[in-house]
A.B. asks: 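Right, I'll just put the structure down here and ask away after.
Please read all numbers here as calculations on a predicted model, not as lab measurements.
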Amino acid sequence: MRAADDELAHVRETVAAAEERLRAAHEDRDRVERNRREAEERDRTAAHTVAEAEREARASTRKVVRMGGRAGSWGSSD
């Protein structure tokens, strides 16, 4: 009977350890998914910021050209 009790205790320990690894794996997967979604959001925000900066740069260039200058020529003496 003692051997069976020892075996049962060992099986329970093994199951408990496996459940803990499974729980940790689920947490890791959830964290990776969260990080992926956050990275995608940062990428979208960065793309929006770059697009907005490009629009502003084009608008500024058009304004300078309308004023008779050349974009990038501020203070140059050529």
Side-chain angles (χ1 to χ4, degrees):
M1 192 67 172
R2 174 93 172 129
D5 289 342
D6 288 346
E7 182 65 22
L8 181 58
H10 176 70
V11 168
R12 285 181 176 156
E13 288 173 7
T14 301
V15 168
E19 288 173 340
E20 177 60 26
R21 288 192 305 275
L22 181 60
R23 183 195 59 73
H26 283 286
E27 289 176 358
D28 288 347
R29 181 200 60 205
D30 293 346
R31 183 173 41 258
V32 166
E33 181 62 23
R34 225 176 9 260
N35 289 345
R36 183 189 63 77
R37 285 191 309 266
E38 290 170 359
E40 288 174 349
E41 181 61 29
R42 284 191 303 272
D43 287 349
R44 280 191 295 275
T45 300
H48 176 75
T49 301
V50 167
E52 183 62 29
E54 289 171 343
R55 281 191 294 274
E56 289 175 8
R58 285 191 300 273
S60 294
T61 299
R62 286 189 300 270
K63 184 176 181 180
V64 168
V65 168
R66 279 194 311 268
M67 292 171 47
R70 289 192 333 253
S73 66
W74 299 110
S76 65
S77 57
D78 42 14

A.B. asks: Test of understanding: with salt bridge (Lys or Arg N to Asp or Glu O under 4.0 Å), list the residues that count as partners of Glu54, not counting sequence neighbours.
C.D. replies: none
A.B. asks: For Asp30, enumerate each residue passing the salt bridge (Lys or Arg N to Asp or Glu O under 4.0 Å) test, keeping only those at least two apart in sequence or located in another chain.
C.D. replies: none
A.B. asks: So, using salt bridge (Lys or Arg N to Asp or Glu O under 4.0 Å) as the criterion, who are the partners of Arg34 when residues are at least two apart?
C.D. replies: none
A.B. asks: Roughly how far apart are Glu7 CD and Asp5 CG, rounded to 0.5 Å?
C.D. replies: 11.0 Å
A.B. asks: Which residues pass the side-chain hydrogen bond (donor to acceptor under 3.5 Å, both in side chains) test with Arg42, sequence neighbours left out?
C.D. replies: none
A.B. asks: Under the side-chain contact (heavy atoms from CB on, under 4.5 Å) rule, collect the residues that match up with Asn35, sequence neighbours excluded.
C.D. replies: Arg31, Glu38
A.B. asks: I'd like to check the side-chain contact (heavy atoms from CB on, under 4.5 Å) partners of Arg55; sequence neighbours left out, ordered by chain and number.
C.D. replies: His48, Ala51, Glu52, Arg58
A.B. asks: Starting from Val11 and following side-chain heavy-atom contacts under 4.5 Å between hydrophobic residues (I, L, V, M, F, W, Y), which residues can be reached?
C.D. replies: Val15
A.B. asks: Taking atom CZ of Arg12 as the centre, report whether more than 12 heavy atoms of other residues, nucleotides or ligands fall under 6.0 Å from it.
C.D. replies: no
A.B. asks: So, taking the atom named CG in Asp28 and the one named CD in Glu33, what distance separates them when rounded to the nearest 0.5 Å?
C.D. replies: 13.5 Å
A.B. asks: Identify whether the distance between the nearest side-chain nitrogen and carboxylate oxygen of Glu40 and Arg36 falls below 4.0 Å.
C.D. replies: yes
A.B. asks: Name all pairs fulfilling the side-chain hydrogen bond (donor to acceptor under 3.5 Å, both in side chains) condition that reach into residues 13-22, sequence neighbours left out, sorted by first residue then second.
C.D. replies: Glu20-Arg23
